[in-house]
Amino acid sequence: MTVRRYDVITLMPETFSGWLDAGLLGKARASGRIRVELTNPRSFTTDAHRTVDDVPYGGGAGMVLMAPPLIAALEDVDARAGSSGRRILLTPQGRPFGQADARRLAQLPHVVLVCGRYEGFDERIAAFVHEEISVGDYVLFGGEVAAMVVLEATIRLVPGVLGNARSSGEESFESGLLEYPQWTRPAVFRGMAVPDVLRSGDHAAIARFRRKEALRRTALRRPDLLARATLDETDRALLDEIAREPFPAGGQTGSSD
Ligand code: ADE
């Protein structure tokens, strides 16, 4: 059995409690396939006030996370684990996280995620990590939710974690396209019917419909992904068909910035 260890360095370990026990993540932990440990840098302070932050050199608003307790926590984690984990700092200044990163991290036996907090961290902390990752172009209170994003995307790719027979290889981003739309019962809901082909039992027609709808969605919602996807002759023919259809459906309303 593949066993993976994930350590999170956080000043707010309580943030993780419900999340860690729920759903497939809770199951994966209970099965022993994955282990998640939380470490609070505050436990590595040496002063009476257990100080973890201080004012920035050069002045300015906000407090800055100090290097000593955080680095002590990092070193303690590796000592306890008996291995030197891949250290990742969560920060909006990091490289954007994607499915390829999740695939890469899911191969590693030990990953250590460091959550930033407050208005920033002492730049010297960067010298103690292997990489800096951002989960998107927005600013969170701290790296906790970002660490959960990275952990979930990674852990679900660890062999044996997705109990479901369905392969994660079929999903959005794995194939370079968005996922095709799906329906379940009832066959008609508030006047909206499930496409007939999905109830036809014709597996070839269903596969073609799904591929076409995945292409349509990706073309409408994420043309950037479509431009990078590997497409064959059949895909190009389906895209031509879509382009000739009068009313493109499946687009998304609302603005994206
Ligand atoms: N900490 C605060 N905002 C973040 C973001 N967008 N990604 C990663 N860590 C963060």
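This is a predicted model, so every value here is computed, not measured. Just so you know, ligand 1 is whichever comes first in the structure, and atom 1 is the first atom listed for that ligand.
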* Asked: Nearest protein heavy atom to atom 3 (N) of ligand 1, by residue and atom, and its distance?
  -> Leu140 N, 3.0 Å
* Asked: Got a donor-acceptor contact below 3.5 angstrom from the Ser83 side chain to the Gly85 backbone?
  -> no
* Asked: In the protein, what heavy atom is nearest to atom 9 (N) of ligand 1, and what distance, to one decimal place, separates them?
  -> Thr91 N, 3.2 Å
* **Charged N-O contact under 4.0 Å between Arg210 and Glu179** => no
* To do: Tell me which part of Val135 gets within contact of ligand 1: side chain, backbone, both or neither, using heavy atoms under 4.0 Å.
  => both
* N/O to N/O below 3.5 Å, does that happen between Phe141 and ligand 1? -> no
* Salt-bridged, Arg80 to Asp76, with N to O below 4.0 Å? -> yes
* For atom 4 (C) of ligand 1, closest protein heavy-atom neighbour -> Pro92 CD, 3.5 Å
* Asked: Salt bridge between Glu241 and Lys212, side-chain N to carboxylate O under 4.0 Å?
  -> yes
* Which of these, Gly142, Ala146, Gly116, has its nearest heavy atom closest to atom 1 (N) of ligand 1? -> Gly142
* Keeping the roles fixed (side chain from Thr10, backbone from Met12), state whether a donor-acceptor pair exists under 3.5 Å. => yes
* Asked: Is Arg95 salt-bridged to Glu131, cutoff N-O under 4.0 Å?
  -> yes
* Asked: Does the N or O separation between Val139 and ligand 1 drop below 3.5 Å for any pair?
  -> no
* Going by the order shown, which atoms of ligand 1 are within less than 4.0 Å of some heavy atom of Ile133? -> 8 (C)
* To do: Heavy-atom contacts with Leu90 under 4.0 Å: which atoms of ligand 1 show up? List them by number with element.
  => 8 (C), 9 (N)
* Asked: Who's the nearest protein heavy-atom neighbour of atom 6 (N) of ligand 1, and how far?
  -> Tyr138 O, 2.8 Å
* May I ask you to say whether Asp78 pairs ionically with Arg87, meaning some side-chain N is under 4.0 Å from a carboxylate O? => yes
